[in-house]
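Let me begin by presenting the structure, written as C-alpha cells, before commenting on it.
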2 protein chains.
Amino acid sequence: MRARTRQAILDAAITVLGQEPTVSLGAIAAAADVGRTTLHRYFPERSELLRAVNAEVTARLERAVGLARLDEGRGIDALRRLTREYFDLGDVLSLIFNQPHLTAEVGWADPGVCDPRFETMVRRGHEDGTLDPDLPPPWVHNLLWAQLYAAYGYLADSDTSRHTVLGLLVRTVTGAAGVKSARIEE
Amino acid sequence: MRARTRQAILDAAITVLGQEPTVSLGAIAAAADVGRTTLHRYFPERSELLRAVNAEVTARLERAVGLARLDEGRGIDALRRLTREYFDLGDVLSLIFNQPHLTAEVGWADPGVCDPRFETMVRRGHEDGTLDPDLPPPWVHNLLWAQLYAAYGYLADSDTSRHTVLGLLVRTVTGAAGVKSARIEE
DNA sequence: TCGGATTGGAACAGTAGAGCCCCATTTTCG
DNA sequence: CGAAAATGGGGCTCTACTGTTCCAATCCGA
C-alpha cells in the first residue's frame, strides 16, 4: 500500500541519485517501477523527495552508529566496528559522496565538526594507545569516509568478493588511523 | 588572443565543473569572464568542451606522474612523491572525483586496471618491504585517490593550512599502504 | 461482490538550457 | 591609421524536465 510504495520510491531514489545526482524524476519513477504520476503524488516537488531521502539516509546512518557501539572497547576496535557497519550501507555510501550538500549535517562534509560520539571514540583511541594521536578526529572521520567510498567503488568495478574488500578496507583504515609503532623513515 | 581565451575557458571549466558537474555553459562562460557566444565559438558543443577538459586534465595528471619519478627509490618513497604531486593538482582533484566518467581512462575508475607505472611501483614496494604486500596495486590506487579527495575537501572546509593537510595526507597514505611492522591485533 | 483507494497513462503549460545566427563593438596587428 | 580578427549582446528555435490536471484501469478490504 502507501508505505510500501513510498519505501520503493525512496530505495530507488537512493540508488539512482547516488549514481547520477541530476537524474530526472521520470527516471527515478521508472527505477522504482512506479508511474511518474504516482511519484508526484507522494512527493509533489523534487525538493520534498530529496528531503525524504535525506531523512532516510540519516536514519540508516544513525542505526549504523548505534550498532557499532562506539563507546565500547578500545578506540581502534570501535572504529573497526563502525567501518563494518558503514560498509554495509551499500548504495547510501555512493549517495552521501555524490550529494554532500544533501546530507551535509550528517555525513562527512564540513570537517570542522563531526559527530561528538565519533570524536569521543577517537580521543579514547588516542589515550588508550590504539589510534594515532597526531590525527585529529575530523581527519579520521574524513579518511574513514574516503576509504569507504574507495572500497565501495572497488567492489562495484572489480570482481572481488564483498568479504575480501571488507578485509582490505579494515586493514587500510587500521593502518591509516592506527598508531604507528615503527614508521618507515621519510 | 585565441590560445589565451581558450585556456581561460578551460581553467574556469575545470574549477566550476568540479564543484557542479551539471553547471550551464552560461555559468562556465561567466566564470571565465567570457561571453556565452565566445565560449560557443571555441567549443561549439558541450561535449567538445568536455573532451578538451578531459585532454587538459589528462595532460596535468601525466605531468604529475612524470614529476613523481615512479621508477626511482623505494616503493613507499615513490608513492609519497606521487601523493605530493597529485595533491598539487588542486581543482583537478575535485573534477576527477565528481566526473569519473569524464576522465575514466586516466583517473581512478575501473580498479581492475590502473597505470602500469603505478602498478610497477607498488610491486616494487612489495618486494623492497616498504608497502603492504597484502594490498593489490589497484586497491592502493583507489585508496590514494580517495584520500586525495578527502584531503582536498578538508583543506577547503576546515581552516587548516595546506602544509598541515599535506602532512596528514602523507602520514595517512603511508600508514594505510605501508607495511605494518606490528599490527594491533583484532 | 461492491466501492473506495491507488495507480498510471496522457496531455498541458511553464521554464531552463543548448545550439545557432546576426551584427555592432572592441581589440590587435600590419 | 585601417583592416582583419575577436568579442559579446540579443534573439530565435528546439529539446528536456517539472509541476499539474483529468480520467480510466486496477487493486484491496469490508
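Labels below follow one simple rule: chain letters A, B, ... track the order of the sequence lines, proteins then strands, and each chain is numbered from 1.
Note on Thr5(B): every side-chain N or O is 4.0 Å or more away from OP1 and OP2 of dA6(D). Taking only side-chain nitrogens and oxygens, Tyr42(B) comes nearer than 4.0 Å to OP1 or OP2 of dT7(D). Applying the 4.0 Å criterion to OP1 and OP2 of dG8(C), one finds that Thr38(A) has a side-chain N or O inside that range.
Counting any heavy atom pair closer than 4.0 Å across all strands shown, Ser24(A) reaches sugar-phosphate atoms only and no base atom. Arg41(B) comes within contact range of at least one nucleobase, with a heavy-atom separation under 4.0 Å.
In this structure, NE2 of His40(B) is placed 12 Å from P of dG17(C), rounded to the nearest angstrom. In this entry the distance linking CZ of Arg6(A) with P of dT7(C) reads 13 Å, nearest Å.
A side chain to side chain contact (heavy atoms under 4.5 Å, CB included) with Ile96(A) is found for one member of Ile14(A), Leu61(A), Leu148(A) and no other, namely Leu61(A).
Closest to the side chain of Arg46(B), out of dG8(C), dG19(C), dG8(D), is dG19(C). Nearest to the side chain of Arg2(A), among dA18(C), dG10(D), dT6(C), sits dT6(C). Closest approach to the Thr37(B) side chain among dA18(C), dC20(C), dC21(C) is made by dC21(C) (side chain taken as heavy atoms from C-beta onward).
Taking the ring centre of Phe43(A) as origin, the terminal cationic atom of Arg6(A) falls outside the region bounded by 6.0 Å and 45° from the ring axis.
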